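Atom set for the values below is all heavy atoms of this structure, side chains included, hydrogens, waters and symmetry mates excluded. All of these numbers come straight from a predicted model, not from anything done at the bench. Just follow the structure's listing: the first ligand is 1, and inside any ligand the first atom is 1.
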Amino acid sequence: MQHVQLTPTLRFSRIIQGFWRLKNWQKTPQELLTFVKQGLEYGIDTLDHAACYDGFKSEAEFGRALALDKSLREQLTLITKCGILYPNSELPDIQSHYYDNSYQHIIWSAERSLQKLQCEYLDVLLIHRLSPCADPEQIALAFEHLHQAGKVRHFGVSNYTAAKFSMLQSYVNQPLITNQIEISPLHLTPFDNGTLDFLLEKRIKPMAWSPLAGGKLFAENGHRVAEILRKIGEKKGETRLDTLAYAWLLSHPAKIMPIVGSGQIERVKSAVDALTISFSEEEWIAVYVASQGHDIP
Ligand SMILES: NC(=O)c1ccc[n+]([C@@H]2O[C@H](COP(=O)([O-])OP(=O)(O)OC[C@H]3O[C@@H](n4cnc5c(N)ncnc54)[C@H](OP(=O)(O)O)[C@@H]3O)[C@@H](O)[C@H]2O)c1
């Protein structure tokens with residue numbers, strides 16, 4: 001497994017495991033523990049959570065698995081996110097869907113994540129989405145507090161534009177270590193709107209959420225892209241569509257770190273195997289052109 005050094009004290013495995021769909025996996029704590037250990041055998045040591053996944057229940061589910069083998073914690077890099085709220089049975093006081101980027105909420109959410117994940121510290125806390133009326137001074141103060149208390153070691157953001165990233169970094173003392181954004185062969189926006197150019201300029205490595213477009217790659221609307229990926233795969237002796245899509249992302253110079261959404265270990269292996277395949281610029285652009293549906297100028 002390749003690793004990406006984000007700061008002198010933080011590295012991510014190039015392939016990251018995501019837990020948004022944990023509920024669908026229907027795993028017992030023991031099965032979940034086994035799944036995490038199988039991922040570790042492939043070198044996947046970086047795991048992505050969020051406070052709000054599965055109605056604010058998924059962190060606790062993961063925590064129950066981790067509690068079965070506490071020695072695992074030191075081998076893992078745990079990322080979680082805060083700031084999205086919506087009505088749910090765990091937090092009955094929440095009446096509407098909104099973002100809370102306040103000092104109090106960020107601290108409350110990080111401390112709740114620690115408790116639910118049954119951990120002493122978080123490796124990384126991301127602001128899940130920037131509230132359009134967020135006060136960056138409050139975010140900076142919350143990060144400072146959590147850092148000083150030893151509760152969170154590193155900070156970053158998710159779904160930020162370049163301008164929002166720069167703005168927040170100008171307030172925050174700690175380096176923002178990543179931007180977790182949607183990138184896939186069916187979602188080209190970050191290649192074109194300056195988000196990836198900005199991250200390349202700043203030498204910040206992005207995490208890619210929904211790298212297989214949430215499964216749409218395998219459906220009718222992914223047909224055109226699937227066809228070209230398979231054609232290119234033929235030359236490389238690779239028939240797995242998911243492996244080819246991951247390889248396309250991994251071949252981009254921004255050092256994209258895809259987050260695997262599946263709980264099936266053979267599909268996780270498809271992602272890991274993509275590390276051995278590279279796309280030439282000509283092949284890469286053929287997929288880009290198929291996705292946008294018209295030729296480049
Ligand atoms: N920051 C954010 O705002 C944000 C938003 C969304 C997600 N995320 C993160 O990104 C992670 C990945 O997102 P994602 O789950 O949408 O990733 P994804 O890989 O794009 O989509 C996963 C979906 O594709 C299906 N799939 C995977 N391989 C397949 C195959 N070979 N054939 C058919 N279907 C296949 C999976 O089904 P199975 O489950 O049946 O394998 C699952 O339904 C999440 O877990 C979360 O950590 C972050």
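Where the criterion is an N or O separation shorter than 3.5 Å, residue side chain and backbone included, G214 meets it with respect to ligand 1. In terms of polar-atom proximity, D242 is counted as a contact of ligand 1, with an N or O under 3.5 Å from an N or O of the ligand. An N or O contact shorter than 3.5 Å links A213 to ligand 1 by distance. For ligand 1, the polar-atom distance check finds no N/O of F218 at less than 3.5 Å from any of the ligand's N/O atoms.
Looking at K269 and D242, no side-chain N of the basic residue comes within less than 4.0 Å of a carboxylate O on the acidic one, giving no salt bridge. Under a 4.0 Å N-O distance rule, the pair K151/E111 qualifies as a salt bridge.
Within the 4.0 Å heavy-atom shell around ligand 1 one does not find R240. Judged by the shortest distance from any of its heavy atoms, K81 lies inside the 4.0 Å radius around the atoms of ligand 1. At least one heavy atom of N159 lies less than 4.0 angstrom from ligand 1.
Residue L241 comes nearest to L217 through the heavy atom pair CD2-O, 3.9 Å, listed as atom of the first residue, atom of the second, then distance.
Of all the heavy atoms of W209, the ones lying under 4.0 Å from any atom of ligand 1 are found in both the backbone and the side chain. When heavy-atom distances to ligand 1 are checked against a 4.0 Å cut-off, H49 has no atom that comes that close, whether in backbone or side chain. Heavy atoms of E182 found under 4.0 angstrom from ligand 1: none, in either backbone or side chain. Heavy atoms of F19 found under 4.0 angstrom from ligand 1 belong exclusively to the backbone. When non-hydrogen atoms are compared, ligand 1 lies under 4.0 Å from the side chain of S158 (C-beta onward) but not from its backbone.
Geometrically, K27 engages F35 in a cation-pi contact, judged by NZ or CZ lying under 6.0 Å from the ring centre and within 45° of the ring axis.
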